[in-house]
2 protein chains.
Amino acid sequence: MNSKKIAKLAGVSRSTVSRVINNYSNVTEETRKKVQAIIDKYGYTPDAAGRSLAGKKNKVIGLFIVDHYLKKDRYVIHDSPYLSEFISYATDIADDQDYHILVSVVTQREKYEKIRTLINSKMISGAIFVGGGAKKDELEKIINLGHKIVLIDEPLEKKYENVLHLLSENFEGGYMATEELIKNGHKKIAHITGELEKFDALERLRGYKKALEDNNIKLKNKYIAYGDFTMESGYLAIEELYEQNKNDMPTAIFVANDFMAIKVIEFLENKGFRIPEDISIIGFDNSNFTHFLAGGLTTISRSIEQLVNQSITNLINFLEKDEKKFAIDKKVKVKLIKRNTVKSITD
Amino acid sequence: MNSKKIAKLAGVSRSTVSRVINNYSNVTEETRKKVQAIIDKYGYTPDAAGRSLAGKKNKVIGLFIVDHYLKKDRYVIHDSPYLSEFISYATDIADDQDYHILVSVVTQREKYEKIRTLINSKMISGAIFVGGGAKKDELEKIINLGHKIVLIDEPLEKKYENVLHLLSENFEGGYMATEELIKNGHKKIAHITGELEKFDALERLRGYKKALEDNNIKLKNKYIAYGDFTMESGYLAIEELYEQNKNDMPTAIFVANDFMAIKVIEFLENKGFRIPEDISIIGFDNSNFTHFLAGGLTTISRSIEQLVNQSITNLINFLEKDEKKFAIDKKVKVKLIKRNTVKSITD
DNA sequence: TTGTAGGCGTTATCAC
DNA sequence: GTGATAACGCCTACAA
């Protein structure tokens, strides 16, 4: 079924059918009804390709998951609670605004081609990049295509008018976490980092350092261990931290995400430490599963819901308002969630 | 940039450009190189709408999340661990085969229109329905459009040649769970159901009943409580079960999913029961978070990964082989995961 | 091997 | 308010 046939059946021209489909005002109520009846009867829906070719925008947003630092044997999305959650929210929130999400994954340099194709081919009207692991040069090539794009936690030297730079408060969160430990009287505070190729890991580390500095606590390199956000890496990191500091253990640890924090707690409890009596732990992300931990993990919550909401709402606005440029760099707030793994050292 | 311009720049016709783009054999190596050079230089990618209009298939699979039984204030996908996981795998697996996933959500009857539009408009080449909560009549209207579709745990009276019916072994899993309890000497076995509008919940219940029957254990209605797969409903159900059977508590409970099982355990422990010494618990789904439970929940694992893999692989095969019909109804296996919440009653 | 020409389904422009 | 027509970018006969 196509508009030509509908036109014939309704006894009008294709133009009139188009006008009805697009709800244009210059159609008499009578004609509209007549045409609509036929449309309904035959369940006609216009062909997306045809419309697109004729210059109409579609309601599809590309969600590009970019991460080059992945282990080969892992699923990109499924094995990342952050990305899973991101996609889930994105679909839900886009749906509220009658948009669709088209998801695509990029883990190697060759795959940027795929994104360019998708964007150039006009299958999507706008794009969101998430994952924090993009190659800057490839990213800039794509940006220079001029399409409307949201970048999440993906900092660039230059600003672009067609790009919304959205950042979550990773630095602030790292600072907040460390400060909370300091407020509780801790001075020997360790940090287990995330994957340092990623901006968010770097920023959390920077926040940790700054909080120590502002409180006149000397940074000790032996109190920093390096993870990559996975549970296994958390285990390895705490193991190393323990081996290096057996005789001078920190009284508190800020772990760069909750996943690693789980393993840290497990390891320490196995070694006979009580949490939080002997060692306080604070995580990051406020991941779902922290609900299931007896007691509950003290952590920094960054609202992925808010992050997604900002991305999609801003992008859709931008797409539909037909504005020339994004006026904004936005930050999404984090906050401290006090639960039961931090204890005052003077208690 | 379009094929016409590329043609002019390369000094050939548009057809030749097309032949190069589509890797047709009847182009001399020389011309191909010449044209490809221009294509690369200008980063040209053909317009998807144009191709589609000219009859080419795209590599987009629609993933439709259908669930009518949702509470209004919940996110459809984000609040369902099953659907979140499904989407994550789908994106990962589709990506492996160079396909994209376009996700859309349907929670009300009016929204089926959206799916029809998407399918009719040829924005997607095939579709997967998941969620188990579709309206049969709307579903059949869509099926009758003749496009290639995979239906997951969504049983229909009629079989359709353009539909692959994929089922997970919910009945078998329910049977297996109950049988495991029976094997451990239990006779007073309760069941907390899922949302009975959903096929999977119904099947799990049926498995429970059949296992009792096959082992000559009389079904007691007082030992069945009704949940809807959410944690809260699990709490309410166990509360009711407890109130009704204070003086004759079951020694084992098969709970229709892990989410509810968590709450069941929590409730019972608060009432002073020990798990599994006093009451054995078995869940369903082998959800992610069960890792985080101290001890670990005994459960039935249905491999969502396998379910997704089957869906996508079969669908892509079907799309590309250009076969006339799906030859298959497939079932995805479940298996028993023994952990620490089931104890033999004779111990 | 390559070029020409028609058609895919829609919308926009211009007449009437 | 409505209809005719051109245009969007591509692919695929068919012709050369």
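Here is the naming used below: chain letters follow the sequence lines, and residue numbers restart at 1 for every chain.
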Phosphate OP1/OP2 of [N] contacted by [X] side-chain N/O (<4.0 Å):
{"X": "B:S18", "N": "D:dC11", "value": "yes"}
{"X": "A:Y44", "N": "C:dT10", "value": "yes"}
{"X": "B:Y24", "N": "C:dT1", "value": "no"}
{"X": "A:T28", "N": "D:dT2", "value": "yes"}
{"X": "B:N26", "N": "C:dT2", "value": "no"}
{"X": "B:S3", "N": "D:dC10", "value": "yes"}
{"X": "B:T16", "N": "C:dG3", "value": "yes"}
{"X": "B:S15", "N": "D:dC11", "value": "no"}
{"X": "A:N2", "N": "C:dT10", "value": "no"}

What is the distance from [atom1] of [X] to [atom2] of [N], rounded to the nearest Å?
{"X": "B:K5", "N": "D:dC10", "atom1": "NZ", "atom2": "P", "answer": "10 Å"}
{"X": "B:R14", "N": "D:dA13", "atom1": "CZ", "atom2": "C1'", "answer": "14 Å"}
{"X": "B:N58", "N": "D:dC10", "atom1": "CG", "atom2": "P", "answer": "15 Å"}
{"X": "A:N120", "N": "D:dC10", "atom1": "CG", "atom2": "P", "answer": "10 Å"}
{"X": "B:K57", "N": "D:dT12", "atom1": "NZ", "atom2": "P", "answer": "12 Å"}
{"X": "A:K56", "N": "C:dA12", "atom1": "NZ", "atom2": "C1'", "answer": "10 Å"}
{"X": "A:L53", "N": "C:dC8", "atom1": "CG", "atom2": "C1'", "answer": "9 Å"}
{"X": "B:R32", "N": "C:dT2", "atom1": "CZ", "atom2": "C1'", "answer": "13 Å"}

Between the main-chain N or O of [Y] and the side-chain N or O of [X], is there a donor-acceptor pair closer than 3.5 Å?
{"X": "A:K34", "Y": "A:V12", "value": "no"}
{"X": "A:E154", "Y": "A:A134", "value": "yes"}
{"X": "B:S125", "Y": "B:K57", "value": "no"}
{"X": "A:K114", "Y": "B:D98", "value": "no"}

Task: Polar contact flag, side-chain donor to acceptor under 3.5 angstrom, B:N144-B:E140 - done: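 No - no donor-acceptor pair under 3.5 Å links their side chains.
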
Task: Toward the 5' end of DNA chain C, by each residue's nearest nucleotide, A:M1 or B:R19 - done: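 Going by which nucleotide is closer to the 5' end, it is B:R19.
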
Which part of the nucleic acid does [X] contact within heavy-atom distance under 4.0 Å: base, sugar-phosphate only, or nothing?
{"X": "B:D47", "value": "sugar-phosphate"}
{"X": "B:V12", "value": "sugar-phosphate"}
{"X": "A:S52", "value": "nothing"}

Open item on the list: side-chain hydrogen bond (donor to acceptor under 3.5 Å, both in side chains) for B:S84 and A:S88? Distances and angles first, verdict last.
Closed with: CA-CA 6 Å; B:S84 299; A:S88 300; 3.3 Å; yes

